[in-house]
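The structure appears right after this line, and notes come after that.
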Amino acid sequence: MRISVDVGGTFTDVVTLDPDSGNLRLEKVETVPSNPARGVLEGFRKAEVSFDEIDYFVHGTTLGLNALLTRTGADVAIITTKGFRDVYELGRTDRDEMYNFKYRKPKSLVPRRHRFEVAERLDYQGNVVTPFDREEAVKLAQELRKEAVPSVVVCFLHSYINPEHELAMEDVLKQEYPEVSVTLSHRLTREYREYERTSTAVIDAYIKPIMRTYLDRLGGDLQQEGYEGQFLLTRSGGGAMTAKAAKEEPVHSVMSGPAGGAIGAAYLAELTGNPNLITLDMGGTSLDTTMVVDGQITVENEATVESLPISTPMIDIRTIGSGGGSIAWIDDGGALQVGPKSAGADPGPACYGKGGKNATFTDAALTLGYLDEENFLGGAMTIDPHLSRHAIQPLSDQLNLTMEQTAAGIVRISEAKITGAIREISVERGYHPKDFALLGFGGGGGLVSCNVAREIGIPTVIIPPGAGNFSAWGMMMVDVVYDFAQTFVTGLESADVDEINTLYGNLEDSGHELLGQDGFASKDCDFIRWAELRYAGQEHTVKIEIPTRELNASDITEIAADFGNAHEQQYGHQTNDPVEIVTLRVRAVGVLDKPRIAKLEAGKGDAAAARKGNRSVFQASTNHTVEYAVYDRFKMLTGDEVAGPAIIEEPSHTTVLHEGDVLTVGEYGELAIAIYNDRGGKA
């Protein structure tokens with residue numbers, strides 16, 4: 001038995017899977033912001049699982065991310081090379097909002113009084129220029145202990161080449177201040193760029209005490225309940241890591257929650273034969289979108305969270321404040337806006353009846369007729385349309401519109417914001433949406449997917465099985481993953497192939513060691529190699545996959561050609577300039593058995609047995625209501641077809657088809673919807 005739990009801002013999603021039958025059970029419980037571990041255990045109990053029968057528990061959480069967003073992490077001190085105390089605050093000379101004269105750089109996570117120097121220095125090749133001053137380091141460690149700083153980052157110049165001095169500083173801290181949490185920059189990233197490496201280490205140290213406390217508490221609670229299986233946490237870069245590894249390097253869990261949806265999308269792409277997908281994950285608080293290209297998740301090796309760079313692999317996910325709880329409001333110019341502020345889990349949308357007074361996307365969807373007030377979460381939760389209308393009324397009065405027109409405006413604005421986010425990760429990166437299908441999931445994904453696809457020109461929408469819990473569903477498909485990198489700047493044509501093979505071998509040895517500690521035999525370990533290259537004189541790089549074998553001189557020509565093609569895909573051109581290698585990367589994968597997903601029985605094609613009745617839905621284009629046929633998704637079978645306008649209901653998700661859209665049920669229960677434009681042609 002396997003169980004996965006995804007803690008979101010509003011709901012905690014739970015999925016259990018019986019690997020013998022392939023049957024899934026989907027549950028939702030309300031998130032407990034004050035004690036997320038309690039919400040996880042509530043999910044276990046609602047799923048009615050026996051703790052001692054579970055082999056794998058895979059968990060996704062936004063606890064670390066929320067600590068960053070709300071600036072509620074631990075106090076952190078930085079120890080760095082003498083003369084480089086202000087590298088972290090100076091950062092880069094760029095600015096996020098170039099033309100905003102009110103722009104202010106976000107406040108540093110580490111105030112200057114907590115940034116310290118130690119005499120030591122390495123050159124760019126890792127040779128010692130100034131020896132490590134142990135006496136000065138001891139005095140500094142004693143000072144940190146007096147100030148009771150709970151978390152310390154050690155980031156010395158060029159330690160990515162030679163970590164000797166960072167290890168010496170760690171030894172001093174262990175002797176003089178053993179209770180402090182220590183993060184060494186070289187253990188997180190063996191790459192150049194001191195600012196990015198320092199920032200990565202600071203974020204790790206900032207969230208480490210919080211994540212350790214949470215994982216220790218949750219692990220202890222699970223043990224008390226009799227759980228003895230594997231406890232895994234999803235990684236920001238895809239795959240999973242053990243809870244032990246997550247406590248040591250929590251920076252890899254910053255995007256742990258949204259990663260589950262991307263992992264599930266890649267698995268579904270292979271399962272259903274749709275290799276190119278754009279995801280639309282609409283939750284209660286935010287919306288996440290990413291891409292699966294040729295069956296592979298798009299992973300970046302440098303990302304930015306709240307203007308803070310993180311130099312660790314991270315799935316390329318675009319997040320905007322456009323969820324079911326996003327609050328509608330009117331700006332100073334009298335225009336209707338939606339989000340990014342959210343009603344969250346407490347008090348939630350007005351219709352929840354928990355004291356929320358603001359109109360949200362969910363209130364608008366209920367007012368339009370998209371949602372069934374009697375069948376929200378399968379009837380487990382009551383929502384009140386009168387409360388929604390009461391919350392929307394002040395906005396209607398200000399805009400001089402009817403209640404329904406205002407609700408339609410809220411939904412339309414949300415769809416426009418989502419369309420913009422999808423354009424950013426597709427069109428602006430050289431991909432045409434017509435070559436992809438849109439995978440809609442999360443609590444609200446099915447409400448907007450068809451209109452978003454129509455707007456951007458995507459021809460097909462896919463609603464996966466368990467759409468409301470799909471991120472948790474995706475966590476079922478993880479492997480245990482470790483990522484390693486080494487900066488190695490050299491000309492490609494003049495590169496020593498033997499040295500490249502040695503460096504890749506060293507990185508893979510590190511992967512073997514860690515996977516072995518997690519209990520993986522060599523036969524269950526896979527390795528993926530990448531290289532980051534650039535044209536001479538460029539700053540930024542392009543990543544390509546490298547054969548996982550001993551390279552020879554003839555491979556260099558092929559690598560150069562692959563780089564040129566990748567550069568053209570990303571930037572629209574390639575040149576004859578010399579090519580440089582910048583970074584070598586290895587992903588070590590501990591392969592877990594994948595569960596079998598049950599197939600649906602074949603239906604008669606008309607979905608008549610699933611028909612529940614009709615519901616009136618307001619349409620802004622005609623300014624009146626239209627009857628939509630309503631179907632029970634759990635009674636639909638493979639091959640069944642439904643033509644819009646129609647609504648497909650399941651306990652934790654609702655899918656809305658509009659006129660001209662045609663749905664076909666796939667063999668695994670996925671809903672494939674052909675999208676039609678206003679002229680009657682395919683989108």
Check ring-ring contact (aromatic ring centres under 6.0 Å, His included) between [X] and all other residues, then give those that pass, not counting sequence neighbours.
{"X": "Y504", "answer": "none"}
{"X": "Y177", "answer": "none"}
{"X": "H573", "answer": "H567"}

Please tabulate, for side-chain N and O atoms in residues 250-263, each donor-acceptor pair with protein atoms closer than 3.5 Å (sequence neighbours left out).
residue, atom, partner, partner atom, Å
H252, ND1, R235, NH2, 3.4
H252, NE2, E249, OE1, 3.2
S253, OG, P250, O, 2.7
S256, OG, T61, N, 3.3
S256, OG, T234, O, 3.1
S256, OG, T234, OG1, 2.8

Query raised in the report: How would you list, by chain and number, every residue that makes a side chain to side chain contact (heavy atoms under 4.5 Å, CB included) with Q296, sequence neighbours excluded?
Result: none
Report task. Indicate the atoms forming the closest heavy-atom contact of D479 with V591, along with that distance. Result ->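 It is OD1-CA, 3.5 Å.
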Query - For R134, all residues meeting salt bridge (charged side-chain N to carboxylate O under 4.0 Å, His left out), sequence neighbours excluded - result: D171
**Report entry** For K247, all residues meeting salt bridge (charged side-chain N to carboxylate O under 4.0 Å, His left out), sequence neighbours excluded
**Finding:** D216
Requested in this report: Keeping to residues at least two apart or across chains, list the ring-ring contact (aromatic ring centres under 6.0 Å, His included) pairs with something in residues 194-217.
Outcome: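 Pairs touching residues 194-217 that pass the test: H59-Y214.
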Query - Residues that T319 engages under side-chain hydrogen bond (donor to acceptor under 3.5 Å, both in side chains), provided they are two or more places apart - result: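 So T319 forms a side-chain hydrogen bond (donor to acceptor under 3.5 Å, both in side chains) with D288.
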Query raised in the report: Side chains of E532 and T541: do they bring a donor and an acceptor to under 3.5 Å?
Result: yes
**Report entry** Qualifying salt bridge (Lys or Arg N to Asp or Glu O under 4.0 Å) pairs with a residue from residues 488-498, counting only residues at least two apart or across chains
**Finding:** none
**Report entry** Qualifying salt bridge (Lys or Arg N to Asp or Glu O under 4.0 Å) pairs with a residue from residues 500-520, counting only residues at least two apart or across chains
**Finding:** E508-R529
Query raised in the report: Which residue pairs pass the side-chain hydrogen bond (donor to acceptor under 3.5 Å, both in side chains) test with at least one member in residues 75-91, sequence neighbours excluded?
Result: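 Residue pairs with at least one partner in residues 75-91: T81-E120, K82-E136, D86-R112, D86-R115, E89-R115.
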